[in-house]
Structure formats: structure tokens, C-alpha cells
Number of protein chains: 2
Amino acid sequence: MTEFRQPSPRRGTNLPKMGDFNLTVILDAIRRTPGGLSRVELAQIVGLSPQTISNISRRLLDQHLIVEAGKEGTGPGKPRTMLRLNPSGMYAVGVHLDPAVLTFVVLDLLGAVVRHSRITTPPGTDPRAVIDTIAGEIKRIILDSGVDPDRIAGLGVASPGPIDLNEGAVVDPPLLPGWDHVGLRDGLAEATGLSTLMDKDVTSAAVAETWAGGPSGEGSFVFMYMGTGIGCGIVLNDEVVRGTSGNAGEIGHIIVDPGGALCDCGQHGCVKSSAIPQVLVAQAEAAGILNGSLQDRSAPAVQERFAELCAIAEAGNDAAKEIIRGSAVLVARAVSVVTNALDVDRVVFGGPFWTCLSAAYLELVPGLVEANSATRRIHGIEVVGTGVGEDVGAVGAACLVLEHTLAPRSQRLLLGD
Amino acid sequence: MTEFRQPSPRRGTNLPKMGDFNLTVILDAIRRTPGGLSRVELAQIVGLSPQTISNISRRLLDQHLIVEAGKEGTGPGKPRTMLRLNPSGMYAVGVHLDPAVLTFVVLDLLGAVVRHSRITTPPGTDPRAVIDTIAGEIKRIILDSGVDPDRIAGLGVASPGPIDLNEGAVVDPPLLPGWDHVGLRDGLAEATGLSTLMDKDVTSAAVAETWAGGPSGEGSFVFMYMGTGIGCGIVLNDEVVRGTSGNAGEIGHIIVDPGGALCDCGQHGCVKSSAIPQVLVAQAEAAGILNGSLQDRSAPAVQERFAELCAIAEAGNDAAKEIIRGSAVLVARAVSVVTNALDVDRVVFGGPFWTCLSAAYLELVPGLVEANSATRRIHGIEVVGTGVGEDVGAVGAACLVLEHTLAPRSQRLLLGD
DNA sequence: TTTAGAGGTATCAGTGACCGAGTTCCGGCA
DNA sequence: TGCCGGAACTCGGTCACTGATACCTCTAAA
């Protein structure tokens with residue numbers, strides 16, 4: 001139960017440690033404005049009195065979360081002193097556990113990548129070994145980044161679904177054999193000593209967009225994550241939708257191709273059976289566009305073959321292009337299902353495979369989504385690519401920490417240890 | 001931008017008129033507990049000090065929103081005096097504008113129907129006439145209910161989609177010719193003098209469930225509204241999802257029957273083309289279960305024929321039963337798409353056609369949804385029928401007002417006038 | 001009948017966040 | 001140099017809440 005009170009000597013421990021709610025509100029306002037804001041502007045925007053803004057600003061300055069950056073004045077009068085986020089006021093570490101690759105980033109307060117690294121996911125089925133590898137790399141990257149360890153707010157982990165958010169556990173994802181109910185969150189918290197947050201990769205990507213994506217991360221949107229699988233992250237009114245167990249965004253079994261291939265769920269033409277990279281690669285192999293037939297269905301192998309297919313399409317092969325364009329049509333249908341169900345007006349694409357796909361998708365998807373929109377008479381639907389880049393998963397993981405510590409909305413999220 | 005402050009002399013007009021936030025929090029706590037709560041219990045639950053609870057309770061008692069109702073004590077000591085909502089502390093009027101029928105209710109604070117009435121929707125294409133009819137009936141039902149007009153907090157309207165929530169307008173719904181961008185909200189506000197809220201029918205139904213549905217209206221759930229069309233209302237963490245323009249819950253074009261009939265959207269086997277009452281009636285006619293073929297495709301006619309079909313199934317006709325069971329399978333697929341995308345763990349069925357369908361659906365849908373659940377290894381998905389009854393639409397409309405006035409979450413919602 | 005134990009109210013000082021008004025700071029312009 | 005206007009700070013007051021204390025009420029058990 002949430003209520004507000006004067007934070008006099010705290011009774012319970014259930015209140016955010018970092019004092020005031022309004023503090024996070026104004027921090028958020030500063031964060032969301034590219035050029036920073038002056039105190040007066042803040043007063044107008046958030047509705048608090050100038051004095052209060054001044055007081056809160058001072059506290060933020062004391063915590064080194066913001067800095068005074070230059071003055072800006074037109075007419076007569078004292079020029080306004082602009083307040084900006086202090087990039088080095090806080091850092092967060094993010095890891096993306098992907099079946100193919102482990103991505104690590106250190107992010108500053110602005111959401112900019114200070115340092116990143118990537119290693120291939122150790123093969124095998126022992127989660128313990130992977131967790132140890134991750135912990136080791138985290139220590140290394142923190143060291144390499146040269147960041148003051150005291151300024152690191154915590155660690156975020158993005159994992160493929162399904163997960164159990166309450167337990168902080170990975171629950172048997174398709175491509176991670178051996179990972180059945182593995183307490184990834186607590187394992188990493190223990191191994192690194194950092195307070196750790198966990199979320200599904202697609203959700204993390206959506207959080208990355210809200211924190212580091214600029215204007216396309218505001219308000220409500222759906223983040224289409226084009227990875228080994230296709231999933232989506234959902235943000236409504238600046239708040240991420242996680243669902244009961246953190247598994248929101250499962251759209252793999254939406255039917256998009258009624259005449260399509262049989263899926264393991266018994267239906268024909270699910271997203272999962274007709275539009276994911278592995279299937280597109282198989283199509284290309286069957287059509288003779290990619291020579292040979294790859295037996296190895298492991299994640300890194302698929303990734304490699306898919307890159308090959310994209311390169312061929314890029315080079316002008318029409319058949320290859322057609323496969324990608326076909327997938328765009330199918331994905332657009334899935335997007336329509338979600339946008340119609342939630343009435344959002346922005347779709348952001350991203351994920352590791354996005355770079356290859358962006359040209360075809362950005363050409364085809366907007367029109368298709370618009371045509372299928374139940375609200376096309378009322379508002380349009382914007383389709384854009386993320387500005388965050390290929391590391392969205394890891395960046396988002398780190399953003400989980402920033403969001404948890406600094407965002408005014410954050411209700412809870414289980415903080416490890 | 002939302003922020004919290006001490007409600008000293010208000011600056012803007014953007015704060016809820018009814019004072020304190022914590023007041024609504026404790027009102028909400030009382031509302032959600034069937035037997036009411038004592039002051040001590042409230043103190044424990046919301047975390048405020050006993051004195052503060054006492055003070056707020058007094059304010060609520062002064063406003064007649066709650067009453068002291070009986071005492072409850074086991075051991076020695078003074079028994080606790082229970083606080084309950086005062087049903088007659090506040091009332092709200094709700095209208096459901098359906099292509100076939102206009103439903104009106106007067107609700108008390110508990111969400112109980114004090115008075116209801118129903119008239120067939122006047123035929124024709126002049127919204128003005130319908131609005132006048134509605135306004136007239138509202139005046140009548142308020143009079144008949146014998147409720148003190150000063151205690152009526154406002155009017156809620158539920159309309160079929162699409163709507164434009166910001167404008168308070170109905171935007172050309174399939175079965176309401178002539179209703180293209182009609183300012184229903186403001187029209188009714190003006191005609192009745194009541195402050196008026198508007199929402200889509202399925203959203204209203206979901207609100208009804210949160211307010212008057214008991215335990216099945218808590219937390220997160222999807223409300224499947226079985227009406228002339230099939231739509232859903234979405235509630236996440238006790239907050240209704242409305243979307244950019246109030247049109248969330250459009251699931252008519254989810255493909256559920258890949259081999260099914262062609263839909264006007266160009267795909268085969270959409271919910272809209274294979275599971276709505278009109279289609280089931282047509283199937284029954286084609287199969288000779290319903291004699292004759294109805295030319296009249298108007299809403300009331302379909303409603304009547306569908307009731308006939310249900311009666312036949314009820315009477316033991318296997319072919320009729322099969323049609324209904326078939327629709328259950330299809331609807332279950334649509335449900336799975338939504339529950340997987342949002343990771344909710346409860347589905348509530350309701351709407352005007354629900355009574356006929358409930359037996360078959362409650363038998364079939366739970367198993368199907370469970371089997372298709374992406375999170376079946378983590379948590380189950382509960383499938384229940386609403387307790388609110390056939391007037392959910394109108395009840396929900398009235399609940400919009402209660403929610404807007406009394407719920408602690410309520411962000412905004414455009415208040416007419 | 002007394003006593004113990006619990007619920008609830010009244011009062012008061014103390015605290016933190018907020019606001020309003022007055023004051024100081026800072027730059028351009030006469 | 002002095003004036004003006006806008007930005008930002010200082011100061012005193014308000015408000016809701018807490019904690020402590022005292023007191024009354026009510027019930028069951030001694």
C-alpha cells in the first residue's frame with residue numbers, strides 16, 4: 001500500500017531511501033529535456049514553487065546528480081542558470097545474457113555507454129560457470145572503465161524469458177539448456193557484491209529506450225525486439241509493463257500467416273514459426289540463396305547465417321530481399337495486434353538483428369500498421385528504429401538500475417540482497 | 001507532471017478537489033475489504049499512525065463517505081469499531097450506449113445498483129435525438145431512484161469504440177451510423193448538467209469489475225467483453241489501461257482460426273469474422289439449426305436470434321452446442337494472445353452475451369488458456385465470470401465517476417464541463 | 001466488583017516539505 | 001553610474017504527519 005507522508009523518523013523500511021518523491025520528479029524533468037532546464041522553467045513545468053525547486057536543486061547538486069551548466073539569458077535581468085544531469089554522478093553496470101553472446105556495459109547517468117565489452121556465451125549447460133564468467137567480466141569492466149566504484153549504483157541483468165521476476169530466476173528458456181529455475185539475480189548479487197536487478201531482455205530494451213532513447217522513449221510505446229526470437233517490451237505512460245512474473249511481451253504465438261508453417265503450439269503461421277531469423281535462414285537455404293543446409297541450430301550459428309543472408313540481400317539479391325520483406329509483412333501484423341490491443345501510438349524497433357532489417361522494415365511496416373490500425377481515424381502510429389544501438393539489452397539492463405534508483409514512478413522491483 | 005505537496009493554499013487547479021491523497025488511500029483500503037476495517041487495522045495496513053487514521057476517519061465520517069458499523073472484539077479490551085463505506089454517501093449515474101439498447105443505472109458508493117432501466121436505442125441516424133432521449137431518461141431515473149441529487153457525483157457514459165477520449169467523442173462505430181465524431185460527453189454534460197466522464201464500453205466493464213467485482217477485480221486482469229462485438233478491458237496493477245485515445249482493447253482482428261472465413265481486413269479467421277454472435281447465428285442458420293435466414297443484420301435482431309440459438313443449445317441440441325463450443329476455442333486463442341502479451345494471471349468474462357455462453361466457456365477456456373500460456377511453468381491463469389451481471393457496461397460507466405472521484409490512482413480523465 | 005488489556009480520542013511539541021514575501025544577485029541599458 | 005527586470009536565495013509561516021502522553025471506553029476474566 002502506497003501512501004505519502006512526511007519523512008520524519010521513518011517507521012517502516014518500505015520507503016525509498018533516497019528521500020523525496022519530488023526530488024525524483026524534478027530530476028526526471030531535467031533528464032528528459034535535452035538542453036537542461038533552469039530553476040524557473042522547472043517551477044513552471046512541475047508546478048512547485050521556485051523556492052522549493054531551489055531547495056531540491058541544491059540537494060541534487062550536493063549529491064552531484066546535477067550540475068550548473070552555463071547561463072542563458074535574452075533580455076535584461078539575471079540570466080537563468082541551466083541545470084543538467086551530471087553524467088558522472090552515478091553509474092550502472094548492465095549485462096545481457098543471450099544464448100549466443102554476453103554483453104556488458106557501464107553506463108553513466110545520462111545513459112551513455114562509458115565502456116562495453118562482449119564475450120561469447122560459454123557453451124555447456126552449467127549456469128554456475130556462466131554466472132562466474134559474468135561476475136569476473138563485470139569486475140574487469142568496472143576496473144577498465146576507471147569509474148569510482150562508490151558511484152556505481154548497481155547491476156542490471158537482462159535474460160531471455162521465461163523468467164520468474166519474483167524469484168529473480170531464469171526459467172528454462174528455449175536456447176539455454178540447463179537454466180531451469182536458476183537464481184540468476186541472487187547469484188550475481190552474491191558474486192559481485194552489487195545490488196542487482198533482473199528483467200527480461202525485451203523489457204530491458206524498452207527501459208533502455210525510456211532512459212536513453214530520447215523522444216521516442218517518452219509516453220507510451222511498444223518496443224519490438226528483433227533477436228533470436230521476437231518479443232516486445234511495453235511502456236504505458238512512462239511506466240514499463242512487466243506483468244505478474246515479468247514475462248510480458250510474449251508475442252511469439254500470435255498468428256500472422258494463416259497459411260504458414262506448423263508451429264510447435266499446433267497452430268499454423270505463428271510469429272515464432274514464420275518470422276524469426278532461424279526460419280528465414282531455413283527459407284533462404286531451401287531457396288538456394290544460402291548454399292548448403294546448416295545442421296547446427298545453435299544461436300551463434302544462426303546469427304552468423306542470418307548476417308550472411310542480410311549481406312546477400314544488401315548486395316541486391318531479390319530473392320533474399322523478398323524473404324526479408326515477407327518477414328516485415330508478418331511482423332507488421334503482430335505489431336498491429338499489440339498496438340490495437342493497447343492503443344499505443346509509437347512502435348520502436350531494435351535488437352541485435354535490427355540493423356540488417358531496418359531498411360526493409362522502415363519502408364514496409366509503417367504503412368501496414370497504419371492500414372490495420374483500429375484508430376486510424378483518430379491518430380497515426382509512428383514507427384521508428386531505436387537510437388540505442390545493438391547493445392539495447394545490456395544498456396537496458398543497466399538502465400533498470402537507473403530507473404529503479406531515480407525514476408519517480410518506480411513502484412518496486414525486487415532488489416537483490 | 002504529477003507531484004506531491006502539502007495541500008496548503010492550492011496554486012493551480014490541477015489537484016483533486018477532494019483534499020488529501022491519503023484520504024483516498026484509506027478510503028480505498030476500506031472499500032477493498034469486504035467486512036470493513038477498524039482504525040487499528042487501517043493503521044497497520046497503510047502504515048500511517050493511529051492518530052492520523054483517526055483524523056482522516058473523522059473527515060470521512062463528516063463527509064458521510066463511511067460509517068461506523070458494529071464492533072468486533074474477541075479477547076478482553078475494547079472491541080474495534082468497524083468502518084465501512086456508507087452506500088448512500090455518494091451516487092453515480094451510468095449509461096451504456098449500445099447499438100441495440102440503452103441501459104441506465106444509478107449506483108451507490110458500494111457499486112450496488114440502486115435503480116436501473118433499459119430502453120431500446122431509438123433507430124435512425126441522428127445522434128442528437130439519442131442524446132436527448134438519454135438525457136431525459138437520466139432525469140427520470142434519478143427522480144425514480146429517490147436519491148438526493150446533491151449526492152450524485154456525476155454521470156458516466158460507456159460507448160462502443162472507436163472513440164476519441166480526449167474529445168469525448170464517438171468516432172463512427174460499426175453499428176451506429178451517423179455517429180461520426182459526435183461529442184457525446186459534452187453533449188450529455190450540457191443536457192443533464194452533470195459532470196460527465198466517458199469511456200469505451202469494454203474499458204467501463206473493466207472498471208466495473210475493479211469497483212464492484214470483489215476479489216476478481218483486484219490487481220491485474222483482462223476483462224473479456226462478450227457483446228455485439230468482442231473486446232477486452234485491461235487492468236494492470238489496479239490501473240485501467242486506456243491507451244492514447246481510449247481505444248485499448250481492440251482485439252477483433254486477432255487471427256484465431258487460420259482456416260476460417262474471410263474478414264473485411266483481408267485476413268482469414270479473425271475474431272471478428274469467426275467468433276462474434278452475428279457469425280455464430282449465421283452458422284446456425286446455415287446448418288439449419290435456426291430456421292430461416294435472417295436478413296435483418298441490425299443489432300437487436302442479432303441479439304434476439306442469438307438468444308434463440310443459446311436456448312436451443314441449452315435444450316440439448318448438439319449441433320448448437322458445438323457452435324458455441326467452437327467459439328469458445330477461438331476466443332480462448334484470442335485470450336491467450338492477450339494474456340501472453342501482458343502476462344496477467346486472471347481473465348474475467350462478462351458482457352450481455354455472457355450468460356448464454358458461460359457454461360461452455362468456463363468448461364473449455366481455462367484449459368486452453370493454460371495450455372497456451374507462456375508462463376505455465378510459473379503461474380496459472382484464472383478464468384472466471386464477472387459477478388457484476390449483464391449491465392456491466394452501464395455499471396462500469398457509473399464506476400468511472402466513482403473511480404475518478406475516489407480512487408487514489410486516478411491520474412486524470414477528462415472531466416466534462 | 002475489580003482489574004487487565006485493548007481500542008480510540010485529545011493534546012502538544014517537533015519535524016519536514018512546502019509557500020509567499022521580501023531581499024540579494026546579476027546582467028543590459030540609459 | 002544608476003536603474004530596471006528577471007533569477008535565485010533567505011526568512012518566517014503553514015500544514016500534515018509523528019511520537020509521546022494522558023485519558024476515556026469497553027469487554028472478559030479474576
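Numbers restart at 1 for each chain; the letters A, B, ... are given by sequence-line order, proteins then strands.
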Name all residues meeting the side chain to side chain donor-acceptor pair (under 3.5 Å) criterion together with A/Arg31; count only those two or more places apart in sequence or in a different chain, and write none if there are none.
A/Asp28
Give a yes/no answer on whether the side chain of B/Thr52 brings an N or O atom under 4.0 Å of OP1 or OP2 in D/dA16.
no
Nearest to side-chain heavy atoms of A/Ser38, which nucleotide of C/dC19, C/dC18, D/dA8:
D/dA8
Applying salt bridge (charged side-chain N to carboxylate O under 4.0 Å, His left out) to B/Arg346 and not counting sequence neighbours gives B/Glu382
What pairs of nitrogen or oxygen atoms, one from the protein and one from nucleotides 10-12 of chain C, lie under 3.5 Å apart?
residue: C/dA10; atom: OP2; partner: B/Arg58; partner atom: NH1; Å: 3.1

Apply salt bridge (charged side-chain N to carboxylate O under 4.0 Å, His left out) to B/Arg80 and list each qualifying residue two or more places apart in sequence or on a separate chain.
B/Glu41
Between B/Ile53 (CD1) and C/dG8 (P), how many Å, whole number?
11 Å
Which atom pairs link the protein and nucleotides 3-6 of chain D when you take only N or O atoms and keep those under 3.5 Å?
residue: D/dG5; atom: N2; partner: A/Gly77; partner atom: N; Å: 3.4
residue: D/dG5; atom: N2; partner: A/Lys78; partner atom: N; Å: 3.0
residue: D/dG6; atom: N2; partner: A/Lys78; partner atom: N; Å: 3.4
residue: D/dG6; atom: N3; partner: A/Lys78; partner atom: N; Å: 3.1

Test side chain to side chain donor-acceptor pair (under 3.5 Å) applied to B/Thr33 - qualifying residues, sequence neighbours left out
none
Please tabulate, for side-chain N and O atoms in residues 211-220 of chain B, each donor-acceptor pair with protein atoms closer than 3.5 Å (sequence neighbours left out).
residue: B/Trp211; atom: NE1; partner: B/Leu109; partner atom: O; Å: 3.2
residue: B/Ser216; atom: OG; partner: B/Glu209; partner atom: OE2; Å: 2.6
residue: B/Ser216; atom: OG; partner: B/Gly213; partner atom: O; Å: 3.1
residue: B/Ser220; atom: OG; partner: B/Asn237; partner atom: N; Å: 2.9

Tell me every residue that passes side chain to side chain donor-acceptor pair (under 3.5 Å) with A/Asp108, counting only those two or more places apart in sequence or in another chain.
none
Any residue meeting salt bridge (charged side-chain N to carboxylate O under 4.0 Å, His left out) with A/Glu68, in chain and number order, not counting sequence neighbours
A/Arg39
